[in-house]
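These notes concern the structure reproduced below.
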2 protein chains.
Amino acid sequence: MSRTTIHDIAKELNTSPSTVSKALNDHPSISAATKELIRTAAQNLNYRQNRLASSLRSGRTNIIGIVIPSSDIGFFGGVVHGIEKLARSNGYNMLLFQSHETGEYEVEGIETLLQTSVDGIIVSIAKDSPNLDHFYDVKKRKVPLILFDRVKEELNSPSVVIDDYKGAYMATEHLIQQGYSRIAHISGPQHVKIFNDRLCGYVDALKANNLPVDDDLIQYGRNSIESGRQSAERLLARNKDMDAIFAAVDFTALGALQYLKEAGIKMPEQIGMIGFGNESFSPYVTPSLSTIDQQPARMGEEAFTLFLEAMAQKSAGSTDVDILEAPKKIVLEPVLIVRESSVRKPQS
Amino acid sequence: MSRTTIHDIAKELNTSPSTVSKALNDHPSISAATKELIRTAAQNLNYRQNRLASSLRSGRTNIIGIVIPSSDIGFFGGVVHGIEKLARSNGYNMLLFQSHETGEYEVEGIETLLQTSVDGIIVSIAKDSPNLDHFYDVKKRKVPLILFDRVKEELNSPSVVIDDYKGAYMATEHLIQQGYSRIAHISGPQHVKIFNDRLCGYVDALKANNLPVDDDLIQYGRNSIESGRQSAERLLARNKDMDAIFAAVDFTALGALQYLKEAGIKMPEQIGMIGFGNESFSPYVTPSLSTIDQQPARMGEEAFTLFLEAMAQKSAGSTDVDILEAPKKIVLEPVLIVRESSVRKPQS
DNA sequence: TTGAAAGCGCTAACAC
DNA sequence: GTGTTAGCGCTTTCAA
């Protein structure tokens, strides 16, 4: 009636549970013959390992915990996809938590992950994460902690990010090369590092091309479509000569796009537009949105690889390696994606 | 150094592990005073429950397994969101698997879920799921199985779906009311029930309005944007008088939209368009896409509620209830969302 | 190459 | 109201 155990198999074959366990785990000390015998018996009896028991005993769950702001955001969906692919082929499963950008849920997620004894945790930190205590907790428990995209240097953990500064620089320079010169920027909350980096990239690209940096051309929004609309409205009201917008996220770019379209402004002719993030809707809006791709799948794969390395180090028994060597930081190259919104037609 | 256990707390307070366990679980037979004592001690010692041990002993994991085709599809993302909200507030966590529409991954996911002793499993079946053995396995183990959207009657499990027939009927009738009469349909694989239902709804709406059903106006695609483009191309080549398209999924609607736009056809004036699914991109394409909303979050909540009911029944000890009463089937109402692509301007 | 024994950390009868 | 005992199903020394 109830689940078959290794005891049942042992009884059936007049052998011992420990032998069965070893055989099923392909332990070298068991003869090929008995392995075969035990495996077929397991099959016949419909045996399925109890991972709870196995994990409790061995101390390994083969589960990796993921905490992201939201899987609705295309970028995070892509990262999870990348992690999943590698995890699956390495025999790991994922336990996924969404913080919904609130610290409270983030803490809750980390707590549950720790209770579940996951083998490692991969995180992109929530925007309003109140403090980092829960992450220090993870480190105290010696559970490998890997960060991506939304990183905190203080945590001193392996991490993978893209070069936000460079991406913003590329986006801005692309607009300049297309002949735009009064280029506005819609940024995000400045306490989030990536937005500050993108702002710097924008500013430096202007300077490098001998264009003035004008505070009136810079808006600080939240990351919503609505916020993008409002920013575009304000920018337009204040700058009659504005001829392009670089938005720090595709969502605000979309909002701006909508507003300008409704205002009867032709893109890319009158105003050029480029976003950041290559969201799933970006190819399908009109005009299709130029943007910076962050290579999410790649980022996920790198993050998982970092985790694997941390595990290897851990089982190599090296105590407190982190004191000896700085944690690995992987910086991915952003990729410029040119679509309709930023390609100025040849002047007539 | 290593994790604090209830033994450590017991030792600290000169009491027994079982008392500590009961106190921490708020068992009624423990006095308020000792509970308080134990709780603060737990806090001080930085105690964290080992869920593996707890689950192994109690037989409950408080984890619910989810298997969906892909969380990239907006609809499934929404359902997961709905499940998560309710699960969280009921003390459950989710273990999420994506089948990527392949039976192999689906089987693998179910297998792992069973090994992990999840308390229940909520599934939307993959398109090419080869057979249903893995689901019968779940039922055999008496693990509550809940289906949503992609359902199989044979499994005789509680389920929640929307009324696909009705949604398709509403979509088609909406086009008719807008004055379109040569309405094409881009369907999907007919062995998937929802596509067949939608096709029937389309056909019946035409008939009910005394419009002929023309095989030349029906295409059977896959669910990709590319497939939508091809379908639109074929439809247009074969039917010069076609004046509207109802696509069984937003993805094919989008493909058709792109093709028609490139062909210089004005929507909604020359050809009206409506999709199904209310994907995240649908409001942002040009023209914005009318569609049928499937209430994904609602569906997720209903599915989890069904799971809770199944658990209650199970613990009520009713052996083989399923023989006594038919499994509950919840049918959600589709919602018509009218946007630009289907609203015919007043004739000039 | 196989088996016996111990125990991972917890919960749940049952006795006190 | 509290403590004793047993054991969930597995892995892992260690001895044979």
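Keep in mind the model is a prediction, meaning the values are calculated, not measured. Throughout, a chain's letter reflects where its sequence line sits, starting with A, and its residues are numbered from 1.
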In this structure, how many angstroms lie between the P atom of D/dT2 and the CG atom of B/Asn14, rounded? 14 Å
Quickly, which of A/Arg51, A/Glu84, A/Arg88 forms a side chain to side chain donor-acceptor pair (under 3.5 Å) with A/Asn93? Name it, please. A/Arg51
Less than 4.0 Å between a side-chain N and a carboxylate O, is that true for B/Asp137 and A/Arg48? yes
What is the per-nucleotide protein-contact pattern of nucleotides 7-16 of chain D, from the 5' end, where B denotes a base atom under 4.0 Å from a protein heavy atom, S denotes such proximity for sugar-phosphate atoms only, and - denotes neither? BBBBBBB---
Using the side chain to side chain donor-acceptor pair (under 3.5 Å) criterion, which residues pair with A/Glu106? Sequence neighbours excluded. A/Ser129, A/His134
Output the rounded distance in Å from CD1 (A/Ile38) to C1' (C/dG3). 12 Å
side-chain contact (heavy atoms from CB on, under 4.5 Å) assessment of B/Ser159 paired with B/Phe148: CA-CA 5 Å; B/Ser159 61; B/Phe148 73 90; over 6 Å; no
Whole-Å distance between C/dT1 P and A/Glu36 CD? 16 Å
In terms of heavy-atom contacts, does CD of B/Glu154 have more than 12 from other residues, nucleotides or ligands at under 6.0 Å? yes
For D/dT2, does OP1 or OP2 lie under 4.0 Å from any side-chain N or O of B/Ser31? yes
Please give, in whole Å, the distance from C/dT11 P to A/Gln115 CD? 11 Å
B/Leu37 has an atom CG; how far is it from atom C1' of D/dG1, in whole Å? 14 Å
Distance to the ring centre below 6.0 angstrom and angle to the axis at most 45 degrees; does that hold for A/Arg39 and A/Tyr47? no
